[in-house]
Asker: 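The following block contains the structure, expressed as structure tokens.
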Amino acid sequence: MERSASRQSRKKVVAVVGGGLVGALNACFFAKRGLDVELFESREDIRRAKIVKGRSINLALSHRGRQALKHVGLEEKIVAQGIPMHARMIHSLDGKQSPIPYGRKGQYILSVDRANLNKELLTAAETYPNTKMNFDHKLQDWNAETGLMTFVRLDGSKEQVKADLIVGCDGAFSAVRKQFLRLSRFDYSQTYIPHGYMELTMPPINGEFAMKPNYLHIWPRNTFMMIALPNLDKTFTCTLFMPFEDFEKITTGDEVIEFFQKYFPDTIPLIGADTLQRDYFRLPAQAMVSVKCNPYHIGDTCVLMGDAAHAVVPFYGQGMNAGFEDCIVFDEIMDQFNEDFSAVLPEYTRVRVPDDHAIADLAMYNYIEMRAHVNSKWFIFRKYVDNILHFFMPKTIIPLYTMVTFTRTRYHEAVKRWHWQNKVINRGLLLSAVGAVLGGSYLLIKNPPDSNKLIVSAEKMWDRLVALRTL
Ligand code: FAD
Ligand code: EGU
């Protein structure tokens with residue numbers, strides 16, 4: 001069966017492929033403009049499904065994502081269903097907990113439930129009379145010359161659909177993107193990192209959160225790391241990041257406990273040994289992939305957004321936020337070019353690629369950095385330095401995570417500014433070092449101290465300076 005999604009009115013028809021977070025939000029954006037929107041999602045309607053399988057249970061929503069929700073009138077509603085996290089809580093190996101604020105009082109991120117957010121977005125998209133939702137429609141293939149899409153249904157039947165614009169929001173393994181790979185001069189790269197992740201549930205204790213709820217809990221252990229975000233049902237979802245080869249080494253329940261006893265001892269009584277062993281073997285560790293490509297469009301017929309355009313590793317908490325920001329950027333360009341797809345699409349690629357590539361690089365950089373040498377002491381020290389420099393020079397030094405998380409500074413601009421700040425900090429350090437040497441020499445000449453003590457503290461001083469230099 002072939003049908004043309006274009007109706008008699010010749011209003012432009014937009015086919016959004018993928019009804020995940022970015023697809024559902026995008027449907028709202030296009031519907032709000034008055035375009036006819038058809039959304040195609042391979043899965044059943046998750047609002048009706050009993051079991052929702054899929055990736056991470058909760059996500060950190062920050063400024064960019066919130067701004068996008070605001071554009072379609074959903075910010076308040078979603079924020080009300082999220083849990084504010086005003087600080088990170090760093091868990092040391094000895095069980096000590098240290099809070100490090102994200103910023104001023106109003107600067108917090110939100111822990112939101114992925115499935116709930118997706119449901120709300122789908123419901124919001126559906127309230128527009130000009131949207132049509134097609135679940136159980138898996139894009140199998142499409143023709144870049146004719147724009148004809150082929151969908152398969154669960155019963156094996158096929159459906160062919162045409163639209164004026166195809167918007168690929170079908171995630172990191174995008175079927176829409178497949179046709180891009182055949183184009184000349186299409187850049188594409190995909191990298192799997194050696195780490196996998198696994199989600200463990202920390203149940204409530206006596207009906208209350210097992211840990212303080214308004215924090216992003218972090219256990220930094222160099223190559224192993226765990227992160228926990230709170231849920232509305234008073235559970236925490238703990239995400240364990242670890243190299244696949246280490247996941248494979250742990251094959252029995254006893255080994256699980258042994259491993260946690262060694263690296264995350266404070267979490268065993270909180271998660272519970274039984275729950276821990278059950279959750280650990282419930283699902284295999286999941287892979288993480290980073291995907292970059294360029295351009296994001298083909299002619300005036302197709303454009304990629306969200307993970308389909310740029311899957312990033314989760315070490316900046318920005319994947320969804322960046323995908324949501326894609327929708328704002330596209331929307332602004334639609335205004336600028338009067339919805340003329342032949343002008344909008346190339347402009348979107350021109351403007352957005354550098355920023356999405358920048359956040360993909362930052363996330364990968366942070367992954368490498370954390371894995372290399374971030375234990376709890378180092379993490380606390382670095383974030384303190386960030387915050388202290390910002391406190392004394394609020395206009396000059398803005399921490400990178402602040403620009404990324406709490407502003408809409410273009411990602412590539414944030415990176416540029418970060419490099420510039422590092423130069424300023426290094427200059428400042430050099431000057432202070434010179435000053436300290438001169439001043440110290442003067443004092444030493446005036447009153448020579450016990451030389452043993454001096455050498456030790458000079459070594460410590462040097463460590464700190466080296467630490468600052470790599471900031
Ligand atoms: P997806 O959510 O993957 O949705 C794609 C949709 O397309 C799905 O519904 C799928 O069923 C559908 N689909 C796929 N193929 C087809 C097809 N052929 N035909 C039709 N439909 C199809 N981001 C943050 O901002 N903050 C965080 O804290 C955060 N934490 C994360 C933690 C982990 C462990 C991971 C893995 C990711 C995290 N992310 C986070 C990233 C975030 O999950 C993604 O960036 C986000 O889900 C991307 O949304 P999307 O709609 O582009 O893709
Ligand atoms: C990873 C997995 C702390 C959810 C990066 C911070 C993340 C999240 C950080 C996951 C970290 C790392 C930042 C936020 C956030 C920090 C951030 C990472 C949410 C630099 C559910 N990251 N994440 N940076 O600053 O900017 O607190 O799975 F451990 S939120 Cl890796 Cl702000």
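In each ligand, atom 1 is the first atom listed, and ligand 1 is the first ligand listed.
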Asker: Would you say ligand 1 has an N or O under 3.5 Å from any N or O of Y197?
Answerer: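 The answer is no, given that Y197 and ligand 1 share no N or O pair closer than 3.5 Å.
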
Asker: A175 versus ligand 1: do any nitrogen or oxygen atoms come within less than 3.5 Å of each other?
Answerer: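 No, since none of the N or O atoms of A175 sits under 3.5 Å from an N or O of ligand 1.
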
Asker: Under a 4.0 Å heavy-atom limit, does V404 contact ligand 2 with its side chain, its backbone, both, or neither?
Answerer: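 No part of V404 comes within reach of ligand 2.
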
Asker: For G317, is at least one N or O under 3.5 Å away from an N or O on ligand 1?
Answerer: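 There is such a contact, yes.
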
Asker: Less than 4.0 Å is my threshold; does some heavy atom of M225 fall inside it relative to ligand 2?
Answerer: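 M225: in contact with ligand 2 (<4.0 Å).
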
Asker: Any idea which part of H137 is under 4.0 Å from ligand 1, heavy-atom wise: side chain, backbone, both or neither?
Answerer: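 Backbone only; the side chain of H137 stays clear of ligand 1.
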
Asker: Can you list everything that forms a side chain to side chain contact (heavy atoms under 4.5 Å, CB included) with K416? Sequence neighbours excluded, please.
Answerer: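 Checked K416 against side chain to side chain contact (heavy atoms under 4.5 Å, CB included); matches are H412, E413.
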
Asker: Under the side chain to side chain contact (heavy atoms under 4.5 Å, CB included) test, which residues partner D246, sequence neighbours left out?
Answerer: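 D246: side chain to side chain contact (heavy atoms under 4.5 Å, CB included) contacts with F224, M242, P243, K249.
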
Asker: Taking the six-membered ring for Trp and the single ring otherwise, decide whether the centroids of H310 and H357 are under 6.0 Å apart.
Answerer: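 Centroid separation for H310 and H357: 6.0 Å or greater.
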
Asker: Is the gap between the ring centers of F244 and H195 under 6.0 Å?
Answerer: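 That pair fails the under 6.0 Å test.
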
Asker: Would A308 count as being in polar contact with ligand 1, using the rule that some N or O on each side must be under 3.5 angstrom apart?
Answerer: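 Between A308 and ligand 1 (N or O atoms, distance only) the closest approach is not under 3.5 Å.
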
Asker: Is there a polar contact between ligand 2 and N58, counting only N or O atoms under 3.5 Å apart?
Answerer: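 N/O-N/O distance under 3.5 Å: no.
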
Asker: Within 45 degrees of the axis of the six-membered ring of Y108 and under 6.0 Å from its centre: does R88 put its NZ or CZ there?
Answerer: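 No, R88 and Y108 do not form such a contact.
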
Asker: Specify side chain, backbone, both or neither for Q318, according to which of its non-hydrogen atoms lie closer than 4.0 Å to ligand 2.
Answerer: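 It is neither; nothing of Q318 touches ligand 2.
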
Asker: Does the gap between the ring centers of W418 and Y401 come in under 6.0 Å?
Answerer: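 Centroid distance W418-Y401: not below 6.0 Å, so no.
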
Asker: Could you tell me whether M320 and ligand 1 have an N or O pair separated by under 3.5 Å?
Answerer: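 By distance alone, the answer is yes.
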
Asker: Does even one non-hydrogen atom of Q286 get within less than 4.0 Å of ligand 1?
Answerer: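 No.
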
Asker: Report yes if some N/O of L21 lies less than 3.5 Å from some N/O of ligand 1; otherwise report no.
Answerer: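 Yes, there is a polar N/O contact under 3.5 Å.
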
Asker: Taking 4.0 Å as the limit for heavy-atom contacts, which would you say applies to Y197 with ligand 2: side chain only, backbone only, both, or neither?
Answerer: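 No part of Y197 comes within reach of ligand 2.
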
Asker: Given P314, S42, S111, which has its nearest heavy atom closest to atom 20 (C) of ligand 1?
Answerer: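 It is S42 that holds the nearest heavy atom.
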
Asker: Can M288 be said to touch ligand 1, with heavy atoms closer than 4.0 Å?
Answerer: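 The answer is no: ligand 1 sits nowhere under 4.0 Å from a heavy atom of M288.
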
Asker: Once you restrict to heavy atoms under 4.0 Å, what part of N366 touches ligand 2? Side chain, backbone, both or neither.
Answerer: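 The answer is the side chain of N366.
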
Asker: For ligand 2, find out whether one of its N or O atoms is nearer than 3.5 Å to an N or O atom of Y401.
Answerer: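 In this structure, Y401 places no N or O atom under 3.5 Å from an N or O of ligand 2.
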
Asker: With heavy atoms of F241 as the reference, note each atom of ligand 2 found under 4.0 Å away.
Answerer: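 Once the distances to F241 are compared, the set is 2 (C).
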
Asker: Tell me whether the count of non-hydrogen atoms from other residues, nucleotides or ligands lying under 6.0 Å of OH in Y384 goes above 12.
Answerer: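 Counting neighbours around OH of Y384, 12 or fewer heavy atoms of other residues, nucleotides or ligands fall under 6.0 Å, so no.
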
Asker: So which of F315, Y367, Y316 gets nearest to atom 26 (O) of ligand 2, if we judge by its closest heavy atom?
Answerer: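 The option holding the nearest heavy atom is Y316.
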
Asker: Is there at least one pair of N or O atoms, one from K138 and one from ligand 1, spaced under 3.5 Å apart?
Answerer: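 Checking ligand 1 against K138, no N or O pair falls under 3.5 Å apart.
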
